[in-house]
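These numbers come from a predicted model, not from an experiment.
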Amino acid sequence: MNFSDDLSDNIGLLQIAESRPMSKSHVDANYRFIAANQEVNTRIAQRHQALALYVTLVVSLLAALVALKPGEPSSKLPVEWLVMGFPVASICLTFLNYKAERSITNLRHFLATLERLEDAHLHLPSYNTDPRWAKSANKARRFQDYACAVLVAAANAIGLGAVTHIYPERIAANQFVIWISVITALASLFVLLFMPAWSYRPDSELEKQIVVANDITASTDQPD
């Protein structure tokens, strides 16, 4: 009698344990976390590739400006179109950086949600949830945007200065090209400098929870 009761109780507990998808959900969350983290790394690599492509385009435009000889007939020198290449490349770099930044921010919000499953962020180090890690990462990543801004400013200044010096007559007759290039370059520069404002930031409520959990942990670790 007792053996059958114990057996039925064990079978009931086994059925309850099997009905709970706890371990499976954790495995699924782990796979999703790895996939999202790899996607973040891919977006970061795309930012670097976009910067390398921008440098290549700027160098190619400068080489084309120098290669064209002012002594040739003016109708054969597409100087105005080459000048517009500098701001166009700058605005494309800005668009690609913005796209990557918004994607990274969205993915890190998703990663932070996974890190908060069953309040794991309160007792495990959480890169995307703990403000100490997130703010440090944002401060370091800010220099990527500064580097892009410096390159955009230098590339447009060198390009416009070179074309003004090499082809003064053509530029004097087409002042609107210079104005359009300057306005577009300044807009790109402003957006790049403002890019850190769109970086990922943990929620303020999570920051309060982590601070409280750290205080409790510190108080329990102190000897009596």
Would you say the side chain of [Y] lies within less than 4.5 Å of the side chain of [X], judging by non-hydrogen atoms?
X      : Y      : value
Phe110 : Asn106 : no
Gln46  : Leu96  : no
Leu65  : Phe86  : yes
Trp198 : Asp145 : no

Under 4.5 Å between side-chain heavy atoms, counting indirect links through other Ile/Leu/Val/Met/Phe/Trp/Tyr residues: same cluster for [X] and [Y] or not?
X      : Y      : answer
Val88  : Val152 : no
Leu186 : Val83  : yes
Leu151 : Leu62  : yes
Ile180 : Ile91  : no
Phe176 : Val163 : yes

Atom [atom1] in [X], atom [atom2] in [Y]: separation rounded to 0.5 Å?
X      : Y      : atom1 : atom2 : result
Asn128 : Arg108 : CG    : CZ    : 4.5 Å
Leu192 : Leu93  : CG    : CG    : 6.0 Å
Leu82  : Leu61  : CG    : CG    : 6.5 Å
Arg141 : Met195 : CZ    : CE    : 9.0 Å
Leu53  : Cys92  : CG    : SG    : 9.0 Å
Tyr98  : Phe95  : OH    : CZ    : 10.5 Å

For [X] and [Y], which heavy atoms make the closest approach, and how far apart are they?
X      : Y      : value
Pro87  : Ala185 : CB-N, 4.4 Å
Tyr200 : Thr105 : N-OG1, 3.6 Å
Tyr54  : Ser90  : OH-OG, 3.0 Å
Val177 : Ser181 : O-OG, 2.8 Å
Ala149 : Leu189 : O-CD1, 3.2 Å

Between the side chain of Asn138 and the main-chain N/O of Pro196, is any donor-acceptor distance below 3.5 Å?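 Pair absent, no side-chain N/O of Asn138 close to backbone of Pro196.
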Derivation of the side chain to side chain contact (heavy atoms under 4.5 Å, CB included) call for Leu51 and Arg47: CA-CA 6 Å; Leu51 187 58; Arg47 282 174 61 100; over 6 Å; no
Parallel, tilted or perpendicular: rings of Phe194 and Phe190 (30°, 60°): parallel
